[in-house]
2 protein chains.
Amino acid sequence: MANISTLFVALSDPTRRKLFERLAMRAMPVGELAKGIPVTRPAVSQHLKVLREAGLVAVEQDGTRRIYSLDPKGVELTRSYLDRMWNRALLGFKAAAERTD
Amino acid sequence: MANISTLFVALSDPTRRKLFERLAMRAMPVGELAKGIPVTRPAVSQHLKVLREAGLVAVEQDGTRRIYSLDPKGVELTRSYLDRMWNRALLGFKAAAERTD
DNA sequence: TTGATATGTTAGCCATTGCTTACGTAAGTG
DNA sequence: CACTTACGTAAGCAATGGCTAACATATCAA
């Protein structure tokens with residue numbers, strides 16, 4: 001799981017992001033997630049698979065239901081990628097400023 | 001520019017991410033960016049347009065060349081979105097833990 | 001102006017992907 | 001056991017998107 005590509009692809013779809021945002025509020029089973037989202041339940045399952053394989057959400061079985069929740073792992077990986085790029089840019093700006101002296 | 005959708009869509013393509021990463025190292029004109037990337041220069045221009053409209057890179061004209069550089073704005077917006085989701089999840093975990101007591 | 005350099009834009013093609021419908025599966029209930 | 005509930009999977013379709021080739025534009029130099 002969880003290369004950068006998979007993470008950004010997962011978060012690039014509006015429906016998937018909506019699911020992700022609701023799971024950030026609180027853990028939920030698939031059926032409840034499907035309500036209030038204008039796509040069918042199978043579509044939700046497919047989206048959850050993408051989010052899960054990216055490491056952005058986690059599943060826990062409870063009887064016949066599967067409780068999905070936000071997975072810190074994927075969030076952290078995405079954040080660290082952006083931080084890395086940001087730090088690179090800072091170093092670059094600094095180097096450029098010193099060359100200007 | 002710069003709704004969350006546009007940002008994640010921009011970063012979800014490997015070629016665009018490669019351009020973004022190189023611009024994080026240092027500012028560059030289009031021609032130099034196109035070298036070392038296995039797509040044609042027009043494709044690079046199209047990708048840069050997407051990154052620019054997302055607020056992830058900025059342009060500055062220098063004669064016939066256009067120098068692209070990383071734009072902190074888009075990076076910051078993406079980071080803050082992830083932080084927001086992460087904080088939501090923390091609140092949720094906390095509330096769930098208190099209900100368990 | 002003429003030419004060269006550097007870049008953006010357009011049209012069209014092919015692969016990807018998000019959606020629905022239909023089906024498969026597994027855990028509870030009578 | 002049969003039945004229901006909750007969910008995942010597969011097939012097929014329509015829309016999106018990234019790519020190339022060809023063209024348009026703009027700046028500088030001679």
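Convention: sequence-line order gives letters A, B, ...; per-chain numbering from 1.
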Compare the minimum distances between each of [options] and the side chain of [X], then state the nucleotide with the smallest one.
X: Pro42(B); options: dC19(D), dA21(D), dC7(D); value: dA21(D)
X: Arg65(B); options: dC19(D), dT7(C), dC19(C); value: dT7(C)
X: Asp13(B); options: dT20(D), dG18(D), dT27(D); value: dG18(D)
X: Arg41(A); options: dG28(C), dC7(D), dT7(C); value: dC7(D)

Using a cut-off of less than 4.0 Å, is there contact between a side-chain N or O of [X] and OP1 or OP2 of [N]?
X: Thr40(B); N: dA21(D); value: no
X: Arg16(B); N: dG17(D); value: no
X: Ser45(B); N: dG8(C); value: yes
X: Tyr68(B); N: dA6(C); value: no

Quiz item: Any sub-3.5 Å donor-acceptor pair from Arg52(B)'s side-chain atoms to Val57(B)'s backbone N or O?
Solution: no

Practice problem: Spell out, as yes or no, whether a donor-acceptor pair under 3.5 Å connects the side chain of Arg41(A) to the backbone of Val30(A). | Solution: no

Quiz item: Separation of Leu33(A) atom CG from dG8(D) atom P, in whole Å?
Solution: 10 Å

Exercise. Measure distances between side-chain N and O atoms of Gln46(A) and base N and O atoms of dT17(C), and say whether any donor-acceptor pair falls under 3.5 Å.
Key: no

Quiz item: In Å and rounded to the nearest 0.5 Å, what is the CG to CZ distance from Leu51(A) to Arg17(A)?
Solution: 11.0 Å

